[in-house]
Structures are given as structure tokens and as C-alpha cells.
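Have a look at the structure below, then the notes.
Below, chain A is the first sequence line, B the second, and so on; all start at residue 1.
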Amino acid sequence: MATVVYRVGDDVSTDVIYPGRFMATVLPNETPQFAFADDTAFNGKLQAGQFPAGSVLLAGHNFGCGSSREQAVSCLKGHELVIVARSFARIFLQNAINLGLRVVACPGIEANVGDDLKLSEAGIVNTSTGRVYAVVPLPQSRQAIIDAGGLIAYTRKRLMSLGA
Amino acid sequence: MRMTVAEQILARASGLPSVKAGDVVEPKVDLAMSHENAALVINQFNDIYKGTNLTPKIWDSSRVAVIFDHRVPAESPKTATNQKKVREFVGAQSVSKFHGIRGDVGGICHQVLPENGYVRPGMVIVGTDSHTTSHGALGAFAFGIGATEMASVWALGAAVNIEVPATIKIVVKGRFKKFVGPKDLILHIIGKLTAQGANFKVLEFHGPTIEQMSTSGRLVLCNMSVEAGATAGIVPADAETERYLREEAGVAEPIESVKPDADATYDQVVEINVAKLTPQIASPHTVDNVKPIDQVLGKKVHQIVIGSCTNGRLDDLAIAAKILKDKKVASGTRMLIFPASGKIFRQALTKGYVGTFMQAGAVVMNSGCGPCLGIHEGALGDGETALSTTNRNFKGRMGNPNSEVYLCSPAVAAASAITGVITDPNQHQLGRASANSGERAVRPTHN
Ligand code: SF4
């Protein structure tokens, strides 16, 4: 079961997810400490390890708009969060798939902090309210990358087949 | 047939006779640009080769550009060490389009690329920066990607599994009023479309107003297309594109132009007449929170910024210099000006703009991203307000989540610097303002 641990609104930018002043930090094992750095309460809980792996960050439309910085994905992946949003900005979605951050686009989702969600390809069930919501499948064009386990593995395979 | 500019470019780059929105393609990349975040790309690139017995090698080092701009000169040992690592890598890989921290060839990536003739109509350009959309101003298909995706491009020379985006056609007519221009137009468009209105789509700009617009203005439109969520912004190449490439970018080779088919399929057509458009302002904290200036007139401003890849070019500095000539920046307001490239900085010196700015009390900074992303210099204090010609006003964008950023054109920024409050350059009697804020007012006030 995936519990909603935090809720944000529409148009949350990568400047908010991973503030620019930490951009010199790039390593995926170092970026998680700066996830939502300017939201001290949420950042504090993340850093304290209060949320089990698979906890849900619930967002509105256009989550991850703005800068292409990949740290905004790696910092969330480090905390093993699942991002359920009404919609995602293009570059963020692409980066999430490339790095293997779990993202679910669910345009009609309604849930509160503390609600338990059952996630599946067929849809999302909010078990706290009993309501069911349709999900938008990830871009089919990226399926091969998802299947390979991310873009690094995908490209490595492609290179090997070129070399052979 | 029936193809938009983006579709034509992607079809050719993918070796297909035609493509349509929704198709999945693998376009060859003509130019792959990174800035300091090349440090992360290098990590991912090396990772791809782990366990393969292959040596990490960029597919074509003449097609990779690396420009230092986000934190120049370095603000910390960490950044300096990242930059050192990138310098060593581009040396080892023989990347020829490398622009480090220099006054001659340095500057912001989205200015350095066009002004050096690296961008040509019909190209597929990717960049590890969301404002890579800028380069559509010269008829290219240019879009932002993440660092891992760039590592994959460095290895394969192609962008893999790309979905052909649908295109929104924007038709612009009418003549701009005085002190109204491309920045006001694109802010107006973003306000209309909203921050996600063009998500996964291309904005293709047409109409008499665009035909008469300089490449500098077109760069503003394409630069900020991403603020409506667009994958790319494109102005089909025309006579002005050729003029720019020949006269300003020193290109000697033949230049092709890619035009949309007459019966191209558009997702949506938006028509705009700019004749009545007034200066537009994006209020905190989203770029689509756009209002005509009369709704925010008089708002006190602590820091004015003119510069960035959006509005740091010579025409931007020219209009600011005209307004600031023999005037003073208001007491209690500071003004930072950062030309978009070393070349523009030198032109502004020759034209006397730099002297005008400094006489007025502005601080002229080295070319680079500077305060635009607030990492490096020009951060805001708690509770302070900035008025800036940059392209984003997200919470914390100028280095402090407890501050606010308003976005505007260079003319509005310059007029507001004189008064210290948001000011319409059309209405304000600038002569009178300078009397209130003369030399006396700029003496140290211990603020
Ligand atoms: S000037 Fe600002 S928007 Fe432009 S590339 Fe630099 S940080 Fe990005």
C-alpha cells in the first residue's frame, strides 16, 4: 500500500523541488538531502527517514516544470518516493523514466495526506475513500527504456549491439 | 506532405519521407549543447560504458558544444572543481565548440550558439537546459533534455524514442506600440496558453509581425516558449534568418530554409494582434501569472536585473541605455546588468552603453547567468522584490524563497530603475523622475 505523505499544488517547478543553489551537487547519493530544501518541514521529514519506500508525493498539474535539472528527479528517487500527479512537465517526465523514478499520471486524482492508494496499471484506488481513478499510461515511446531498466542500460545495450 | 516545420525536420533527421504528430522517431542530432551540468553528463556517459570493454567516446566531437555560463567565474571550490573536470574531459574528447570563462568568446549558452553560427535552419539541437528552445528562432528544432539523455546522445549521436510533437500555430499581426515588443508578446502568449498549455507541443510562429521581427526578438519568443510547456518554439527561416547568419554570425556556407507545407496539420491556431498590447508583467510565482502593467504600477522594487538569455542582447541594452541616459537609479533600488555574451559586452562598451549604465548607478556584471538563477550573485534579501528581464519567477528562483520576482521587458526594467517602482515607460515622465533621484540620492544610505 502506498500512503500519501505530502501534497503539493499545480506548476511545482524544479526550482522548488531542487533549488538552483544546490546544482553544483550532482551525485545521486548526495542530491536527496536537498529535496524540497526550501520547504524545511517536508525536507526535515525526508531527511529523518520518516517515510517508508514507496510513499506517495501527490501533486497537481504540470509537476516538474521549468529547468531540466536532473537532480530534481534523482533527489526524489533517493527517498524512494512515488510521484502521483495530475500531469507532468515534459522534461521532468522524460528524466523520471530515464532514471527509473516511479511516476504515475492521474488527471482526476483526489486524495489527502494519510490516504492509502492502491496503484496499478489499470488505475488508482484510493482505499481511504473507495474511489477509483483512471491513469494515463506513460508515453509508449519510452516503453523500451522502462523495460531496459532506464536509459543508461538501454543505451549500453544499443552500443553493444552496434559494436557486435 | 502536410508537415509542420518540426515534422519536416524530424522526418529528415530520422531518414523518413514523412512523419506526423505522435510517431516515434530516432532523429540524428546535429548539435548537442551542455553547460556546467556537463559534469553530470560525463558521469552518466562513463556509466553507459561500464562493463562493455568499449572506450567512452563522443560520437562526433565537432557536434558537441560546452559553454560555461551558470556559475562564472566559479563561486565555490565545488563548482570550480566541476568546471575543471569538464575542461579536462572536453580536451580529452577534442570537443571543439568549448567556450570557457572568457571575455572574447564566452557568454550564456543560448547566445553563444547563435552568435557563432553553430545554429542553422533545419537542425536538430538538444541541450541540457530547458531554454534550448531558444534556437528555434533560427528555424531549428531545438529542445531541452536531462543529463542522462544527453549522455545517451553523446554515445549514439541520436535522440532515442522521441515522440513527434503536435504543433500550435501562432499568427501575429499588428505593429507594436512604443516600448512594447517581443517580451511583452511572449508574456501575453504564456498568460493566454498557461504554463502547461503547450505541454508536449511545438509553438510555430507566423505572421507579419514575426516577419518584421529581428532574430534577437525571435530568440525571446522561442526562449520563453518552454514557459508555456512547449517542447520547442520555431520561427520558420526567412530572409532575416539569412541576414543574421551572414552579418552577425559570420556564416559563409549555403543556408537552407525549412518552411511548413501549405496544408500542414496544426493542433490549434492562435491569432494575436499586438496593436493594442501594453507592457506585460509576470507576477510571482508563476510565469503565466501575466498582467498588463497598469495592474502592478507603483510596486516597490529593490533589485532590477537586465540580462539573461532572454533579454541580454544589444538591442535590449540599447533601449535601456536610451532610457537611463543622464538619469539615476533610484535610491533604495539597485540595478544589475549582465550582457548575454562577451561579444555583446564589448559592443555595448563601444556604443557607450556600459558608461551610461554605470553613470546611472547600475552595476554591470560579467556575461553569464548571474542573478537569473540566484546561485551565484545578485541574490535577494528576505521580503525583497525584484523586477527582471529574465524568464522565470518561480519561488526561490533568485536565490531566496522569501522574496518575489516580477518579469518584464528591458524598457520597463530601465524606466522602473529610475523611479524605484514598477513604471510604464510610456506614461512616466522620466525627466521629472531623475530630479527626485539625482546624485544626492545615491550617496550611501546604509541600506
Ligand atoms: S540566463 Fe537564466 S534562463 Fe538563461 S541559461 Fe542562464 S540560468 Fe538559464
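Ring-plane geometry between A/Y18 and A/F22 is classed as perpendicular, the angle between the planes exceeding 60 degrees on a 0 to 90 degree scale with a lower cut at 30.
The residues A/E110 and A/R7 are annotated as not salt-bridged, no charged nitrogen and carboxylate oxygen being separated by less than 4.0 angstrom. In this structure, B/E36 does not pair ionically with B/K84, as no charged nitrogen and carboxylate oxygen lie closer than 4.0 Å. Note on A/R158 versus B/E26: salt bridge recorded, some NZ/NE/NH1/NH2 to OD/OE distance being below 4.0 Å. Taking the charged nitrogens against the carboxylate oxygens, A/D15 and A/R69 do have a contact shorter than 4.0 Å, which makes a salt bridge. Here B/K201 pairs with B/D267 in a salt bridge; the nearest charged N to carboxylate O distance falls below 4.0 Å.
For the set B/V287, B/T231, B/N37, B/N400, the count of heavy-atom pairs under 4.5 angstrom toward chain A peaks at B/T231. Of the listed residues (A/V26, A/V12, A/L93, A/V16), the one with the most heavy-atom contacts under 4.5 Å to chain B is A/V26. Options B/V24, B/T79, B/N161 differ in how many heavy-atom pairs under 4.5 Å they form with chain A, and the most are formed by B/N161. Between chain B and the residues A/G66, A/P19, A/A89, the most heavy-atom pairs under 4.5 angstrom are made by A/G66. The candidate with the highest count of non-hydrogen atom pairs below 4.5 Å against chain A, out of B/Q196, B/R71, B/E75, is B/Q196. The greatest number of non-hydrogen atom pairs below 4.5 Å with chain A, out of B/G51, B/G396, B/A195, is found for B/A195. Top candidate by heavy-atom pairs under 4.5 Å with chain A, chosen from B/D129, B/T148, B/V226, is B/T148. Comparing B/R392, B/K395, B/R397, B/H376 by how many heavy-atom pairs each has under 4.5 Å with chain A, the most go to B/R392.
Using a 4.5 Å cut-off between heavy atoms, B/A155 touches chain A through backbone and side chain atoms alike. Heavy-atom distances place both the backbone and the side chain of B/D47 under 4.5 Å from chain A. At a 4.5 Å heavy-atom cutoff, B/N391 makes no contact with chain A through either its backbone or its side chain. Looking at A/T25, the atoms closer than 4.5 Å to chain B (heavy atoms on both sides) sit in the backbone and in the side chain alike. For chain A, the nearby part of B/H70 is the side chain; its heavy atoms alone come within less than 4.5 Å. Residue A/Y154 touches chain B through its side chain alone, counting heavy-atom pairs closer than 4.5 Å. Only the side chain of B/L156 has a heavy atom closer than 4.5 Å to any heavy atom of chain A. Only the side chain of B/T286 comes within contact range of chain A, with at least one heavy atom under 4.5 Å from a heavy atom of that chain. With a 4.5 angstrom heavy-atom cutoff, A/I91 touches chain B only via side-chain atoms.
Checked by atom type, the side-chain pair B/S130/A/S68 shows no donor-acceptor distance below 3.5 Å. With hydrogens and angles left out, the side-chain atoms of A/Q94 and A/N98 include no donor and acceptor closer than 3.5 Å. Between the side chains of B/E384 and B/S403, no donor-acceptor pair of N or O atoms lies under 3.5 Å.
The 12-atom threshold is exceeded at CD of A/Q50, counting heavy atoms of other residues, nucleotides or ligands nearer than 6.0 Å.
Taking the centre of each ring, B/H135 and B/H110 come in below the 6.0 Å mark.
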